[in-house]
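In this text the structure is predicted, and so the values were computed from the model without any measurement.
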Amino acid sequence: MTISTTNKLLGVAGTAALLVALAGCGTAPQAAPTDAAPDVDVVDGFKPCLISDEGGWNDKSFNQSAKEGMDSALEELGVEGIELESTTPNDYAPNLEQLVSEGCTFIVSVGFNLSAATVESANANPEIDYAIIDDLADNDFDGTTDAPNIKPLVFNTAEAAYLGGYAAAAWSAETGVNKVGTFGGMQIPSVAVFMDGYALGVEKYNEDKGASVELFGWDVAGQEGAFTGGFAANDTAKQTAQSVLDQGVDVILPVGGPIYESAAAAIADGGFDVKMLGVDSDLAAKDDSVADITLVSIMKAIDVAVHDATVEAAGGEFEVAPYIGTLENEGVKLSGFGAFESELPEGLADELTALQDAIIAGDITVESKNSPKQ
């Protein structure tokens with residue numbers, strides 16, 4: 001595995017009640033999957049299936065969240081499905097072939113990296129409904145999904161990450177360190193969109209407060225920064241985290257599923273007094289081993305999107321129009337601050353609420369080259 005970085009790490013100059021809401025384009029998802037049986041007449045032979053990215057079901061992030069959404073739908077609908085875990089990219093196409101051969105009528109692919117294999121499978125099997133998380137399945141970049149039976153489930157995560165960046169900058173300014181950082185797994189839109197929003201939130205804090213909090217690990221204008229080249233929690237990820245920590249940051253955002261484990265290990269081994277931000281799910285709740293260093297998480301309602309798409313397909317009402325999660329439709333949000341709530345800078349929760357309201361109202365537009373286009 002290789003590391004992709006710039007020649008140097010580039011500097012760029014809410015509480016539990018703050019539900020920076022969950023998300024969608026068109027019909028918003030339900031607030032959360034419920035245990036009550038849905039009012040759906042399940043079509044004969046309906047068989048929903050799920051295939052993971054190489055991060056696996058226990059990544060405390062997007063794969064696990066997708067599985068939770070599918071599991072809740074299976075239970076509510078009273079149907080059986082298949083969930084296949086990929087361990088390497090070489091598993092994607094064979095796993096999709098297996099799902100087709102086993103009679104799946106609705107297949108959800110988890111992640112950008114499965115896009116090409118999903119498009120190929122969907123075009124070869126037009127009678128099957130497909131959905132894909134974190135990708136528009138537009139591999140030829142002509143503005144349209146490359147198969148007529150794929151529903152993209154994507155998220156404008158930059159909006160929630162903007163709030164996370166503002167919070168990180170406020171924390172670092174309060175400590176007097178005035179340095180925050182980030183690094184990612186692969187440099188793909190669903191990763192870089194977090195980093196864009198985070199950077200812009202830091203900039204907003206500096207503008208509002210006349211502060212000079214620096215960001216290391218990502219440059220929005222140049223779209224360059226620190227990446228591990230994959231999503232595994234390994235020595236490469238730990239070294240990449242270390243390269244950001246060595247800049248003296250006291251808040252870090254690892255973007256890429258299990259790589260947060262490598263960041264946590266680097267923090268512990270170095271004896272750093274550094275807080276971490278989670279992504280996709282509420283990391284402090286998912287992994288209590290890092291709860292004591294997780295300031296807040298930038299969340300996507302992947303579980304809700306998968307649940308709702310599965311229920312729609314079950315009732316024969318599947319629509320391929322992309323679902324885009326935003327603050328307004330509650331597809332993206334910040335988690336609570338947990339143990340750090342009482343330690344937040346004075347007025348931060350109110351400031352985050354005001355920023356969220358301004359984004360929803362359209363008074364603030366979070367511009368990211370990596371946001372899904374509506």
Quick check on the hydrophobic clustering: are [X] and [Y] connected, directly or via other members, by side-chain heavy-atom contacts under 4.5 Å?
| X | Y | answer |
| --- | --- | --- |
| V119 | V154 | no |
| V110 | Y92 | no |
| I51 | V79 | no |
| V255 | V366 | yes |
| I267 | V177 | no |

Between F183 and W218, is the ring centroid distance below 6.0 Å?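 No, too far apart.
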If you compare all heavy atoms of [X] against all heavy atoms of [Y], which two are closest, and at what distance to 0.1 Å?
| X | Y | value |
| --- | --- | --- |
| Y162 | L355 | CE2-CD2, 4.4 Å |
| F216 | V244 | O-CG1, 4.1 Å |
| A305 | F155 | CB-CZ, 4.1 Å |
| L74 | G81 | CD2-N, 3.8 Å |
| K373 | I324 | O-CD1, 3.7 Å |
| D250 | S172 | OD1-OG, 2.7 Å |

Is a salt bridge present between K204 and E351, judged by a nitrogen-to-oxygen distance below 4.0 Å?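 The answer is no: the pair does not qualify as a salt bridge.
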Ion pair E343/K275, N-O distance below 4.0 Å: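 So E343 does not pair with K275 through a salt bridge.
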The test is side-chain contact (heavy atoms from CB on, under 4.5 Å); show your working for N178 and E214 and say whether it passes. CA-CA 6 Å; N178 290 302; E214 294 181 274; over 6 Å; no
For the residue pair [Y] / [X], report whether a side-chain donor-acceptor contact shorter than 3.5 Å exists.
| X | Y | value |
| --- | --- | --- |
| D196 | S368 | yes |
| S115 | D135 | yes |
| Q242 | D246 | yes |
| N370 | Q223 | yes |

Measure from the side-chain N and O atoms of [X] to the backbone N and O of [Y], and report whether any donor-acceptor pair falls under 3.5 Å.
| X | Y | answer |
| --- | --- | --- |
| D303 | S65 | no |
| T294 | V296 | no |
| D287 | L283 | no |
| Y198 | L215 | no |
| K151 | A321 | yes |
| S109 | L114 | no |
| D138 | D142 | yes |
| N149 | I128 | yes |
| N206 | V213 | yes |
| E83 | L50 | no |

Approximate separation, where rounding is to 0.5 Å, of [X] [atom1] and [Y] [atom2]:
| X | Y | atom1 | atom2 | result |
| --- | --- | --- | --- | --- |
| Y130 | C104 | OH | SG | 9.0 Å |
| L277 | L253 | CG | CG | 5.5 Å |
| L99 | T105 | CG | OG1 | 11.0 Å |
| E224 | D219 | CD | CG | 6.5 Å |
| Y260 | K286 | OH | NZ | 10.5 Å |
| M195 | T157 | CE | OG1 | 13.0 Å |

Indicate yes or no: at least one non-hydrogen side-chain atom of [X] is less than 4.5 angstrom from one of [Y].
| X | Y | result |
| --- | --- | --- |
| T310 | F46 | yes |
| P152 | T145 | yes |
| I107 | V100 | yes |
| K369 | V193 | no |
| T182 | I252 | no |
| K300 | F194 | yes |
| M70 | P48 | yes |
| Y166 | V202 | no |

The test is side-chain contact (heavy atoms from CB on, under 4.5 Å); show your working for D280 and M299 and say whether it passes. CA-CA 4 Å; D280 294 334; M299 300 170 62; over 6 Å; no
Applying side-chain contact (heavy atoms from CB on, under 4.5 Å), run through E328 and I359 and close with a yes or a no. CA-CA 8 Å; E328 183 175 11; I359 293 170; over 6 Å; no
Look at atom CG of D140 and say whether more than 12 heavy atoms of other residues, nucleotides or ligands are closer to it than 6.0 Å.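 Yes, the 6.0 Å shell around CG holds more than 12 heavy atoms from other groups.
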Is E120 atom CD crowded by more than 12 heavy atoms from other residues, nucleotides or ligands, each under 6.0 Å away?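 Not more than 12 within 6.0 Å, no.
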Output every pair passing ring pair (Phe, Tyr, Trp, His ring centres under 6.0 Å) with a member in residues 95-121, not counting sequence neighbours, ordered by first then second residue.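 Ring pair (Phe, Tyr, Trp, His ring centres under 6.0 Å) check on residues 95-121 returns F106-F318.
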Output all residues satisfying salt bridge (Lys or Arg N to Asp or Glu O under 4.0 Å) with D71, sequence neighbours left out; order by chain, then residue number.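 By the salt bridge (Lys or Arg N to Asp or Glu O under 4.0 Å) rule, D71 matches K67.
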Could you walk me through whether I302 and L153 satisfy the side-chain contact (heavy atoms from CB on, under 4.5 Å) test, starting with their C-alpha distance in whole Å, then the side-chain angles of each, then the deciding distance to 0.1 Å, before giving a yes or no? CA-CA 8 Å; I302 293 172; L153 306 175; over 6 Å; no
What do the steps show when you test T326 against N156 for side-chain hydrogen bond (donor to acceptor under 3.5 Å, both in side chains), and what is the final call? CA-CA 5 Å; T326 64; N156 189 6; over 6 Å; no
